[in-house]
Amino acid sequence: QAQGIDRVVLESMIADIAVLQEARRMGLTASDQMVRDGIAAIPGLLGPDGNIDQQRLQQGLYDMGLSEAQFVELMREDLIRAQLLQTAQVGAPAPRTLAAALAAYENERRVVEYIVLPVEKAGEIPAPDDAALEAFIAANPESYTAPELRAVHIATVAPEDLMAGIEIPEDAVKAEYEATIHKFETLETRELQQIVYPSKEEAEAARKLIDEGKTFEDLAAAQKLTAEDTALGTLSKGDPTVPAGAFEIAEGSVSQPLEGPFGWVLIRAVKVTPGSVKPYEEVRGEVRDSLARAQAIDRIAEMRDQIDDALAATDDLAGAAETLKGTVTLKLREIPAIDAQGQDASGKPIEGLPDGSGFIADIFATEPGDKSGLGETPNNVLYVVHVDAVTPPALRSVESVRADVTAAWIAVEQAKKLKALADETIKTANETGLAAADVAKALGLDLHTSEPLQRGAGTADILAPTVAEIFKA
């Protein structure tokens, strides 16, 4: 009272009531949607999913001693007042007491002492019998279900299958090399340093000092620049961030004033690594293959209708290949088992499959006994698939996953033993009033102290679900 706080609070309450009455007299209202948006705009109230975190809201209301209905009405009144006062901020201001409660909730940190129970404390776990493993597999089907497998025959024709039979004249190879020589070029690189000046005149004056015997380091020191400040790093010829003249000076020399993107500069070439071009003989085969592949793609495109007709005339891929013999060779392949990830029955990737995701998608979109339409991969491989048989998803046998399922079963049993030990230890400590340090000593283990824990965030040692339980205590 001596400081007049009670008077200030009273005057603020009277002002709020007066503004609210005037707003209502003017017919101003706040819809339910406006109230919901206003609540969502309160800092710290949204969860990671972008929706109102009900736990945070209820905690704030509890700390304020408000019901949800009372809080909604307060928010509605604030919104009505805000309309009259033409509040410029986005959303509605939260009631001060709620904002403080939410801030305290959001910024709360907790430090805990904890004991880590090593797996050795679980003791020896007897090996499970097959009945236990079968039950474990049945209880965890997501981990032990073999995926659907399909037995298929495929027929393909790829540009690489035709390239060997395509002749490319030598002069065409040389012409292509000259036209695409940039592909075989390694650009010159330079390690550069730079000093920027406000004007051309100042850059020219600095360059004159170089002519008179000053060093680049002297010029940098005059501007209180370190070697790190002047370093541009290693750049390739043609880099747009430096003037072209930076690539015309000799190694170790300083340029004349150059106009760069950020003003007039002097540049020093610290080190020059010359560019190079791979000679024709070194890349002749690569260039020839590139031309041959382009022609092969064209030939496949020209024959596509003929290939499609041959495939449409029979369900037998071998018969279609025989029909096309002498025109194009369809490569036939049998795949006894393939899953939707392109793996075989043992889970190993199948080598040499056509590229792209469409190929496997077609396998699993085709009915058993049917063949797919003619497909094409991103690398211009034509393919057709015949689905011979389908093996539905099924639980794996104990024998096929014995090592993995045994290890998982033992891990679960160890966890049960450790949980029982932890529960018993907690019960004893609570009944006897033992301090955490004494509990750790009795177990022969170390007592750890956590870093400050934040609500909803785990650490390297304490996972987020455990942190959530800590904040419920």
Side-chain angles (χ1 to χ4, degrees), residues 35-75 78 89-122 142 411-473:
V35 173
R36 284 193 291 270
D37 292 342
I39 294 173
I42 296 173
L45 196 54
L46 295 185
D49 61 356
N51 295 316
I52 294 173
D53 187 319
Q54 288 296 323
Q55 184 179 1
R56 295 182 186 180
L57 176 60
Q58 294 304 321
Q59 181 66 45
L61 295 177
Y62 176 81
D63 292 342
M64 289 176 58
L66 291 174
S67 69
E68 187 168 336
Q70 289 171 324
F71 169 61
V72 168
E73 186 57 31
L74 283 174
M75 177 58 68
D78 277 350
Q89 70 186 83
V90 176
R96 286 184 291 274
T97 48
L98 177 60
L102 288 171
Y105 179 84
E106 181 71 19
N107 296 322
E108 180 184 355
R109 298 293 184 270
R110 297 191 180 188
V111 175
V112 298
E113 293 179 323
Y114 63 96
I115 301 165
V116 177
L117 297 178
V119 70
E120 290 77 18
K121 287 291 183 180
E142 67 282 353
V412 169
E413 293 302 308
Q414 288 171 332
K416 290 178 182 177
K417 294 277 188 180
L418 293 177
K419 177 68 166 56
L421 174 60
D423 290 342
E424 182 61 30
T425 301
I426 292 169
K427 180 181 177 184
T428 301
N430 288 336
E431 290 175 349
T432 61
L434 277 177
D438 295 328
V439 174
K441 185 176 181 181
L443 291 170
L445 300 171
D446 294 330
L447 180 66
H448 303 273
T449 301
S450 75
E451 61 186 81
L453 302 176
Q454 179 181 355
R455 195 183 304 273
T459 69
D461 298 318
I462 304 178
L463 299 179
T466 304
V467 173
E469 292 299 316
I470 288 170
F471 275 88
K472 289 179 183 178

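All residue numbers in this chain count up from 1 along the given sequence.
Listed here is the closest heavy atom pair of A436 and L447: CB-CD1, 3.9 Å. In this structure, L418 and V119 approach most closely via the heavy-atom pair CD1-CA, 4.2 Å. Looking at every heavy atom in both residues, L445 comes nearest to P118 through CD2-CD, 3.7 Å. Shortest non-hydrogen contact noted between P452 and R109 is CB-CB, 4.2 Å. Nearest heavy atoms, V439 versus A429: CG2-CB, 3.8 Å.
For NZ of K417, the number of neighbouring non-hydrogen atoms (other residues, nucleotides, ligands) closer than 6.0 Å is 12 at most.
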* H448 and E113: side-chain contact (heavy atoms from CB on, under 4.5 Å), yes or no, with the steps? -> CA-CA 5 Å; H448 303 273; E113 293 179 323; over 6 Å; no

* Evaluation steps, side-chain contact (heavy atoms from CB on, under 4.5 Å), between I462 and V112 -> CA-CA 10 Å; I462 304 178; V112 298; 4.3 Å; yes

* T466 vs Y114, side-chain contact (heavy atoms from CB on, under 4.5 Å): CA-CA, chis, key distance, verdict -> CA-CA 11 Å; T466 304; Y114 63 96; over 6 Å; no

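You'll find the side chain of E451 reaches within 4.5 Å of the side chain of T459, heavy atoms only. Looking at L443 and L117, their side chains come closer than 4.5 Å, going by heavy atoms from C-beta outward.
In this structure, the separation between CD on Q454 and CZ on R110 is 13.0 Å, given to the nearest 0.5 Å. Q414 CD to E120 CD: the interatomic distance, rounded to the nearest 0.5 Å, is 8.5 Å.
Salt-bridge annotation for K427 and E424: absent, with no side-chain N of the basic residue lying under 4.0 Å from a carboxylate O of the acidic one.
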